[in-house]
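Order of listing sets the numbers, starting from 1, for every ligand and every atom in it. Values in this document were obtained by computation on a predicted structure and should not be read as measured data.
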Amino acid sequence: MTEHSFTLHRIQGYIASLYLIEYRDRVLLLDGGARYDAVRIETYMKREMGRLPDDLNLALVTHMHPDHAGGAPLLRRRFRTQIAAHIDIDKWYRGFRGASQHLIDTILGHYSARQQFGKLERAWYPRRLKPDYFLDDGHTLPGFPDWRAYTAPGHTLYDMVFYHPEKELLYVGDLVIKTGKKIVLPFPTLFPELMTATLKRMSHLPVKKLLLAHGGELKIDDSYSFFTELLPQVGKYGQTFFRLVEPFCSLAPDVRLYKKNH
Ligand SMILES: [Zn+2]
């Protein structure tokens with residue numbers, strides 16, 4: 001095993017898939033999971049990897065939704081895992097409107113878990129992440145210099161994706177979702193123009209494999225056509241349910257500011 005070689009592990013969390021990147025002397029988590037995914041990670045590391053959860057050095061959080069930002073604080077409390085996320089991530093649920101959105105998103109998370117997996121578990125989590133490391137566009141991950149962070153706004157304003165240039169591997173969080181055989185954009189897409197720019201930008205990144213939070217691992221032949229073919233979907237929701245729910249997903253202060261200016 002060289003310094004930068006790793007083994008990829010995938011765990012099915014409460015709502016999202018979680019990926020553990022195991023190096024000889026350290027472990028990285030993509031991304032923070034729902035609250036009790038912290039326990040799933042602990043169990044998995046002990047049973048399947050034969051490692052102590054204290055080896056989990058860093059948890060990345062792509063954005064503040066409950067299935068991505070709920071587990072990391074518990075991991076930090078229990079195993080001193082450090083958290084890295086977008087430099088402005090804690091602005092997302094700010095103020096009264098932010099707090100209301102946080103509550104609604106947690107309820108929608110439960111709804112999604114029930115619909116998909118028929119399960120329900122406690123998923124309340126702090127609306128401020130307080131990351132140990134603040135990431136900006138192009139930053140190298142602390143302790144994992146073979147990975148890069150890129151800003152990827154569209155779903156929320158502070159989404160990030162994480163890229164491994166050597167392996168041409170991209171963890172997309174909620175940027176792209178696979179449901180059945182279909183590849184779709186996330187609900188909600190609160191910033192359509194920014195989503196378009198993000199997809200165009202990603203189309204220029206050499207990618208052989210995508211790691212999805214919803215839909216597992218996906219090999220792709222040509223990242224340019226993969227991402228550009230998604231462009232016509234921006235701003236269009238296939239399901240009536242999404243169109244009905246969208247106003248309840250637009251409370252975060254940044255969405256209001258954006259709508260005022262566009
Ligand atoms: Zn999300």
Do you see an N/O/S atom of Asp159, backbone or side chain, under 2.8 Å from the Zn ion (ligand 1)?
->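 Of the N, O and S atoms in Asp159, none lies under 2.8 Å from the Zn ion (ligand 1), which means no.
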Short N/O/S contact of His68 with the Zn ion (ligand 1) (below 2.8 Å) =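 Not a single backbone or side-chain N, O or S atom of His68 is under 2.8 Å from the Zn ion (ligand 1).
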Metal-centred angle, the Zn ion (ligand 1) as apex - ND1 of His65, NE2 of His155, 10° resolution |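 Between ND1 of His65 and NE2 of His155, the angle at the Zn ion (ligand 1) is about 90°.
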Would you call Asp132 and Arg76 a salt bridge, taking side-chain N to carboxylate O under 4.0 Å as the test?
->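 Salt bridge present between Asp132 and Arg76.
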Taking NZ, NE, NH1 and NH2 as the nitrogens, is one of them in Arg201 or Asp137 under 4.0 Å from a carboxylate oxygen of the other?
->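 The answer is yes: the pair qualifies as a salt bridge.
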Considering only N, O or S atoms, which atom of Asp174 is nearest to the Zn ion (ligand 1)?
->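 Closest N, O or S atom of Asp174 to the Zn ion (ligand 1): OD2.
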Decide ring pair (Phe, Tyr, Trp, His ring centres under 6.0 Å) for His102 and Tyr125; before the verdict, give the C-alpha distance in whole Å, the side-chain angles of both, and the deciding distance to 0.1 Å.
-> CA-CA 9 Å; His102 176 246; Tyr125 67 111; 4.6 Å; yes
Hey, does the Lys NZ or Arg CZ of Arg128 hover above the aromatic six-ring of Tyr93, less than 6.0 Å from the centre and inside 45° of the axis?
->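 No, Arg128 does not lie over the aromatic ring of Tyr93.
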